[in-house]
Q: 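So that we are looking at the same thing, I have put the structure below in structure tokens.
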Amino acid sequence: MSEPRYHFKDIRVAETPAPTPRAQLHRDLGKALADLNEQVLRLDAPESKLREYIAHVNQMRDDLAQYGNRDYMEITQRLLAGQGSGDDVTDLVDFEILSGKASPVSPPLELWLDGDTVRGRAHFGMVYQGPPGRVHGGVLALSLDMLMAKTQDYVRQIGMTGTLNIRYLAGTPIQHDVDFEARLIKLDRRKLLCEGSVWVNGQQTVAAEGIWISAHGEYALKPEYAELEAAIRAQ
Ligand SMILES: CC(C)(COP(=O)(O)OP(=O)(O)OC[C@H]1O[C@@H](n2cnc3c(N)ncnc32)[C@H](O)[C@@H]1OP(=O)(O)O)[C@@H](O)C(=O)NCCC(=O)NCCSC(=O)Cc1ccccc1
């Protein structure tokens, strides 16, 4: 059976086909490195051990470097031609900042569609701390940017964040399950208006409004989400 081929427009934010064994190993490597990130915070080791760890890590980086990296532009070109492999999709999506399951700088933030709502969940460790015991506001802003960008899964076009307004209502604790929600508000020619929120134990801690600007053409719902039209017009 021939392997499925993917087009760029088939890719959903933070979602991939089932990972191949190679992609799963990258997820495991990313998780191991993320665990290291947590472990080195204020590590109370003697200086001799710190020197030893620096040498180990430098050695590992040199070892990794001999293999090079898959070429991002070549992957993108294959996907734009509708000839991307499953690994090409995971190579892009799994290394996205914060939501990528193979990225060492991701909790990861999980994102999925639930009817007319984009949902998200993350558990932020100590590396994401801002004020004592709280998630850094910039990290929440980035999370909301990723979350609200996923409202574009409902539409044919893809664009960039134009405006993101954020109101921090209460502290969001680290080392705690954090829930996210976003909805489409309006499609207005090349502008997509949406709102997002952050929740902890059912209490809202952040509110956001955003405008995304389509790179090419006016925003329109994908046929499979046509029923959202009425909900959007009712706003
Ligand atoms: C492209 C654009 C956003 C807009 O320029 P153009 O194409 O020349 O647009 P034009 O001026 O023709 O206006 C069309 C309509 O839009 C309106 N409008 C315009 N601007 C804004 C605004 N800012 N905010 C609100 N509305 C705005 C304007 O009034 C007009 O409305 P009208 O029809 O009259 O009612 C440009 O300013 C830019 O590149 N900014 C930087 C974006 C950037 O770097 N973002 C961060 C990186 S993205 C990221 O990290 C996430 C990511 C990750 C991975 C993958 C993907 C995403």
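Just follow the structure's listing: the first ligand is 1, and inside any ligand the first atom is 1.
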Q: Where the side chain of Asp179 meets the backbone of Val198, is there a donor-acceptor pair that is under 3.5 Å apart?
A: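 Between the backbone of Val198 and the side chain of Asp179 there is no qualifying donor-acceptor contact (under 3.5 Å).
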Q: Calculate, to the nearest 0.5 Å, the distance between atoms OH and CG belonging to Tyr53 and Leu36 respectively.
A: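 Between Tyr53 OH and Leu36 CG, I get 10.5 Å after rounding to 0.5 Å.
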Q: Give me the residue, atom name and distance of the protein heavy atom closest to atom 3 (C) of ligand 1.
A: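 So the nearest neighbour among protein heavy atoms is Ile213 CG1, 3.7 Å.
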Q: Who's the nearest protein heavy-atom neighbour of atom 57 (C) of ligand 1, and how far?
A: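 Protein heavy atom at minimum distance: Gly159 O, 3.9 Å.
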Q: Going from CD on Glu74 to CG on Asp88, what distance comes out if it is rounded to the nearest 0.5 angstrom?
A: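 One gets 10.0 Å once the value is rounded to the nearest 0.5 Å.
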Q: Could you find the nearest protein heavy atom to atom 23 (N) of ligand 1 and give me its residue, atom name and distance?
A: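 Minimum-distance protein heavy atom for atom 23 (N) of ligand 1 reads Gly162 O, 3.0 Å.
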Q: Any chance CD of Glu224 has more than 12 other-residue heavy atoms, nucleotides or ligands included, within less than 6.0 Å?
A: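 Atom CD in Glu224 is crowded, with more than 12 foreign heavy atoms closer than 6.0 Å.
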Q: Which protein heavy atom lies closest to atom 34 (O) of ligand 1, and at what distance to 0.1 Å?
A: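 Heavy-atom neighbour on the protein nearest atom 34 (O) of ligand 1: Arg189 NH2, 4.0 Å.
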Q: Between the side chains of Ser214 and Trp212, is a donor N or O closer than 3.5 angstrom to an acceptor N or O?
A: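 No, no side-chain donor-acceptor pair sits under 3.5 Å.
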Q: For atom 24 (N) of ligand 1, what is the nearest protein heavy atom, given as residue, atom name and distance?
A: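 Scanning the protein heavy atoms, the shortest distance from atom 24 (N) of ligand 1 goes to Thr163 OG1, 2.6 Å.
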Q: With a 4.0 Å cut-off, strictly under, does atom 14 (C) of ligand 1 pick up any protein heavy atom?
A: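 Within 4.0 Å: yes, protein heavy atom nearby.
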Q: Is the shortest distance from atom 27 (C) of ligand 1 to a protein heavy atom below 4.0 Å?
A: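 Yes, there is a protein heavy atom closer to it than 4.0 Å.
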Q: Can you pull out the closest protein heavy atom to atom 35 (O) of ligand 1? Residue, atom name and distance to 0.1 Å, please.
A: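 Here the closest protein heavy atom is Lys191 NZ, 2.8 Å.
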Q: Kindly state if atom 45 (N) of ligand 1 has a protein heavy atom within a strict 4.0 Å cut-off, that is, under 4.0 Å?
A: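 Yes, there is a protein heavy atom closer to it than 4.0 Å.
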Q: Is Val13 linked to Phe180 within one hydrophobic cluster, defined over Ile, Leu, Val, Met, Phe, Trp and Tyr using a side-chain heavy-atom separation of less than 4.5 Å?
A: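 Yes, it is one cluster - the side chains of Val13 and Phe180 are joined through contacts under 4.5 Å.
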Q: To which of Leu193, Leu142, Val13, Thr161 does the heavy atom nearest atom 42 (C) of ligand 1 belong?
A: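 Among Leu193, Leu142, Val13, Thr161, the closest heavy atom to atom 42 (C) of ligand 1 comes from Thr161.
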Q: Considering non-hydrogen atoms of the protein only, which is the closest contact for atom 6 (P) of ligand 1, and what is the distance?
A: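 For this ligand atom, the closest protein heavy atom is Arg190 NH2, 3.8 Å.
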Q: Identify the protein heavy atom lying closest to atom 38 (C) of ligand 1, giving its residue, its atom name and the separation to 0.1 Å.
A: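 That would be Met160 CE, 4.3 Å.
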Q: Using a distance threshold of 4.0 Å (strictly less than), state whether atom 31 (O) of ligand 1 has a protein heavy-atom neighbour.
A: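 Protein heavy atoms within 4.0 Å of atom 31 (O) of ligand 1 - there is at least one.
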Q: Is the His136-Phe124 ring centre distance short of 6.0 angstrom?
A: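 Ring centres of Phe124 and His136 not closer than 6.0 Å.
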Q: Consider salt bridge (Lys or Arg N to Asp or Glu O under 4.0 Å). Of Glu110, Glu96, Glu15, Glu181, which one does Lys150 pass it with?
A: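 Passing option: Glu15.
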Q: Less than 4.0 Å from atom 51 (C) of ligand 1, is there any heavy atom belonging to the protein?
A: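 Yes, there is a protein heavy atom closer to it than 4.0 Å.
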Q: Would atom 11 (O) of ligand 1 count as contacted, meaning some protein heavy atom under 4.0 Å?
A: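 False for atom 11 (O) of ligand 1.
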Q: Check whether more than 12 heavy atoms from other residues, nucleotides or ligands sit under 6.0 Å from atom CG of Asn69, and answer yes or no.
A: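 No, not enclosed.
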Q: Within the supplied structure, the quantity of interest is the number of heavy atoms (other residues, nucleotides, ligands) at a distance under 6.0 Å from Arg134 CZ; does it exceed 12?
A: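 No, because the 6.0 Å sphere around CZ of Arg134 holds 12 heavy atoms or fewer from other groups.
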Q: Would you say atom 21 (C) of ligand 1 makes contact with the protein, given that contact here means a non-hydrogen protein atom less than 4.0 Å away?
A: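 Yes.
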